[in-house]
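Below is one structure, written out as structure tokens; comments come after it.
Naming: A, B, ... by sequence-line order, numbering from 1 per chain. All values below were derived from every heavy atom in this structure, side-chain atoms included, with hydrogens, water molecules and symmetry-related copies excluded. Since the structure is predicted, the reported quantities are computational estimates derived from the model, not experimental observations.
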There are 2 protein chains.
Amino acid sequence: MSATLKDISAKANTSEATVSLVLNGRHYNRVSQATRQKIESIAREMGYVPRRAAQVLATGKTHNIGVILNDLSNPFYGHYASLIQQRLWDNGYTCLPMETGASRDRQRNLLAWLPQKSVDGIIALEGLWDGDDDYLDVPLAAPFILRHQNQGKPTGEYSHVSVDYEHGVTQLVAHLKEQGWDKVGLLIQPQQLPHVDELEHPRTRMLHQAMHVHGLRCPDKWWYPAEESKSMEHWYQQTIALLKDHPQINVLIVHNAIATPAVYAGAEKAGRCVGQDLAIASFDENSFTPWLRPGVTVVHEPMQDIAQQLVDLLLEQIKNPNTASKVIKTKTQLIVRGSTQRAR
Amino acid sequence: MSATLKDISAKANTSEATVSLVLNGRHYNRVSQATRQKIESIAREMGYVPRRAAQVLATGKTHNIGVILNDLSNPFYGHYASLIQQRLWDNGYTCLPMETGASRDRQRNLLAWLPQKSVDGIIALEGLWDGDDDYLDVPLAAPFILRHQNQGKPTGEYSHVSVDYEHGVTQLVAHLKEQGWDKVGLLIQPQQLPHVDELEHPRTRMLHQAMHVHGLRCPDKWWYPAEESKSMEHWYQQTIALLKDHPQINVLIVHNAIATPAVYAGAEKAGRCVGQDLAIASFDENSFTPWLRPGVTVVHEPMQDIAQQLVDLLLEQIKNPNTASKVIKTKTQLIVRGSTQRAR
DNA sequence: CTGAAAGCGCTTACAG
DNA sequence: CTGAAAGCGCTTACAG
């Protein structure tokens, strides 16, 4: 429909090659001012728009990046998607978000599909699998960066940005103890791993370790699982059950702050009063955590930094495929709010 | 790097054309069983993956759809993105979400950029402009569908899915009146329109009309603006200000349920008790509206239906470019929760 | 400083 | 039932 290089070159009495050079700004001292200006003005007046597909075919670069995440309707991933797409856009790349719905199979499929979707690189926000190492099974058709939550594992063969829960979690546990909350119930999001203990999420592991160090009580029986974030009802029910079954508990740590409104409601239903006889803490800051009453104490990761590093690392790797894989660690931070402070 | 049609055809002793036909399933009675199976097995063992770019260049179809929305980190849009991408994926299309950040200029830019990004069609979730008609200024390089919130305007030249607020809003106003809430304060999200009254959002207009019919009091002075959803602090402050300035108010209607946690906090700060001496209602269901205490009464649109219709309408138009533009209306619905019910 | 030409990897009439 | 060939719209050595 619209103009092509050939059309322009015809009108400008030059070759397609020259037009291409000018329009891509690769005309150092190669093209004369006169032809250059002529070409530019003709291109403008013809409303020339390059066909991406032709460029992609000729150059082998798509300028597309696949971003694998659980679920765009979850604001945690939505926020990441937003941050990443922003930074990609600023670097001339387009972001293709791919939802896995937290399903392992679907994630595997996506990874296999992505080459067809033609991307120059892949960012995965979540490794669902044990040590994330299953990624290595999949033929990695493109540079790959992972947001990695697994402390203990070695670096592996690909770069990743590692979320270090230790700092924030240690702060949290110290803070709880200092406020006199000492009997911890856990609301856990089960991992979908057949052969791994379902409680073995890095968050859980770090918590467990820190609680041990600080002498907080948290027997295994006080760890209740709850389904993926979609089903708030389940979090509500599990909160009630946990508090009814183990009335000694005076702190609830919730795997994911998305669920806290339901947990607050459950605590109330169970006859508890947050800030008085029950503390609640969680992970991941979001738009409402400051506004629930009382506000939710959370351990949160520096999402903006992480998004930036994921993108930068990936683009660096695309530009220079031979660089060794890198690992960047980022620290989590505790944000204290009313939910863990003893009401005066 | 990986195999091409030529490689396969060489190994199978056939032509590229035949391979292409087989691999695309377009081999009715054109290709013999034998060659077909040979080709398929060779393709499999060579791990053949078609280059999208080459297909796009040859066919002119990208199977990409641009989705224009304000902000992925807002769960309202995130949820839409999720629904739309799901349905697109099921139809073999990829979804390219493009954030405008609610900026008119950026939206305009995006529309201009999209052809370069090579999309087969465009879905816009929000028309920021007066009557959405400015869309017509922009050269529409591809089939286009709009989620349209503007009741009064005529259909325009392109298809859209129209959100009909009338039903839900009428239900809301009747419900409020029945519960004895009669003095309405509005927290409004200003539109970024230079020459249009900033309060003229379709939601506001429908509300105003319905309140008039049912005789609820809501003078213009009780309409306070609040910034875009990002700044919850501002909603908090405006809630306090509105309630302090006009203590007669006994209902607050909030433009967007994302803001309700801050509004609840503001109401508490202003010495009000939701469900006792103040009702709160809002628009758009989300994950926490059922769980705030009391739960938030909302007017909500059938997001799943709308997403589906947006996609289906667009794909239909892509398949058949000559069909006349269509308008589909969808009804909003009231969900009553504690926030508007008189505590017994 | 500029042009002719090959090539990127497919698809699609067309001819047999 | 199958193949040869043109074409999609660019980019990039290469030769002048």
Side-chain angles (χ1 to χ4, degrees), chain A residues 1-40 42-43 46-64 92 115-120 141-142, chain B residues 1-40 42-43 46-64 92 115-120 141-142:
Chain A
M1 358 201 94
S2 81
T4 70
L5 278 196
K6 208 204 283 191
D7 300 337
I8 296 179
S9 66
K11 223 173 195 171
N13 278 317
T14 68
S15 68
E16 287 184 56
T18 305
V19 176
S20 173
L21 291 176
V22 168
L23 262 29
N24 287 299
R26 270 194 278 285
H27 53 90
Y28 305 95
N29 42 9
R30 305 195 37 165
V31 178
S32 71
Q33 276 283 333
T35 45
R36 177 182 147 198
Q37 286 179 352
K38 185 163 59 174
I39 288 170
E40 280 170 345
I42 291 178
M46 295 181 84
Y48 173 72
V49 173
R51 246 57 98 229
R52 288 298 310 300
Q55 296 179 311
V56 170
L57 190 57
T59 63
K61 310 258 140 265
T62 67
H63 289 264
N64 288 156
Q116 297 198 38
K117 285 302 177 183
S118 61
V119 296
D120 289 343
Chain B
M1 359 200 92
S2 82
T4 68
L5 277 196
K6 207 203 282 189
D7 300 336
I8 297 178
S9 66
K11 220 172 195 169
N13 278 317
T14 68
S15 68
E16 288 183 55
T18 306
V19 177
S20 172
L21 290 175
V22 169
L23 263 28
N24 287 299
R26 270 193 279 283
H27 54 94
Y28 304 96
N29 43 7
R30 304 198 39 169
V31 178
S32 71
Q33 276 282 332
T35 45
R36 176 183 146 193
Q37 286 176 353
K38 186 163 56 170
I39 286 171
E40 279 170 346
I42 290 179
M46 297 183 79
Y48 174 72
V49 173
R51 247 56 98 230
R52 291 295 310 301
Q55 296 179 310
V56 170
L57 190 58
T59 62
K61 309 258 141 265
T62 68
H63 290 265
N64 287 156
Q116 298 200 35
K117 286 301 176 185
S118 61
V119 297
D120 289 344

For D/dT11, does OP1 or OP2 lie under 4.0 Å from any side-chain N or O of A/S20?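 Answer yes for this pair, as a side-chain N or O of A/S20 is under 4.0 Å from OP1 or OP2.
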
C/dG3, OP1 or OP2 - any side-chain N/O from A/T18 closer than 4.0 Å?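 True: A/T18 side-chain N/O within range (under 4.0 Å) of C/dG3 OP1/OP2.
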
May I have the distance from [X] (atom [atom1]) to [N] (atom [atom2]), rounded to whole angstrom?
X: A/I39; N: C/dG3; atom1: CD1; atom2: C1'; answer: 12 Å
X: A/R51; N: D/dT11; atom1: CZ; atom2: P; answer: 11 Å
X: B/E16; N: C/dG7; atom1: CD; atom2: C1'; answer: 13 Å
X: A/K61; N: C/dG9; atom1: NZ; atom2: P; answer: 13 Å
X: A/L21; N: C/dA4; atom1: CG; atom2: P; answer: 14 Å
X: A/R52; N: C/dC10; atom1: CZ; atom2: P; answer: 19 Å
X: A/L23; N: D/dT12; atom1: CG; atom2: C1'; answer: 16 Å

On DNA chain D, compare the nucleotides closest to B/T35 and B/L57; which residue's is nearer the 5' end?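 Its nearest nucleotide lies further toward 5', so the answer is B/T35.
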
Working to the nearest 0.5 Å, report the span between CD1 of B/I39 and CG of B/N13.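 These two atoms lie 10.5 Å from each other.
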
Kindly compute the distance separating OG1 (A/T18) from CZ (A/R36), expressed to the nearest 0.5 Å.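 It is 13.5 Å, given to the nearest 0.5 Å.
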
Name every residue in residues 5-15 of chain A that has at least one heavy atom under 4.0 Å from any atom of DNA chain D, in order of residue number, or write none if there are no such residues.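 Contacting residues: A/L5.
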
[X]: side-chain hydrogen bond (donor to acceptor under 3.5 Å, both in side chains) partners, not counting sequence neighbours:
X: A/S9; value: none
X: B/T59; value: none
X: A/T35; value: A/S32

More than 12 heavy atoms from other groups under 6.0 Å of NZ on B/K11: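 No - once you tally the heavy atoms of other residues, nucleotides and ligands closer than 6.0 Å, there are 12 at most.
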
B/R52 side chain to B/P50 backbone, donor-acceptor under 3.5 Å: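 No.
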
With no hydrogens and no angle check, is any side-chain donor or acceptor of B/D120 less than 3.5 Å from a backbone partner on B/T62?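 A pair under 3.5 Å: yes.
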
Which ranges of DNA chain C pair up as stems, where a stem means three or more consecutive Watson-Crick or G-U pairs with both distances under 3.5 Å?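 Result, WC/G-U stems under 3.5 Å: C:1-3 with D:14-16, C:5-12 with D:5-12, C:14-16 with D:1-3.
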
Pairing residues for A/A58 by the side chain to side chain contact (heavy atoms under 4.5 Å, CB included) criterion, not counting sequence neighbours: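 Side chain to side chain contact (heavy atoms under 4.5 Å, CB included) list for A/A58, sorted by chain: empty.
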
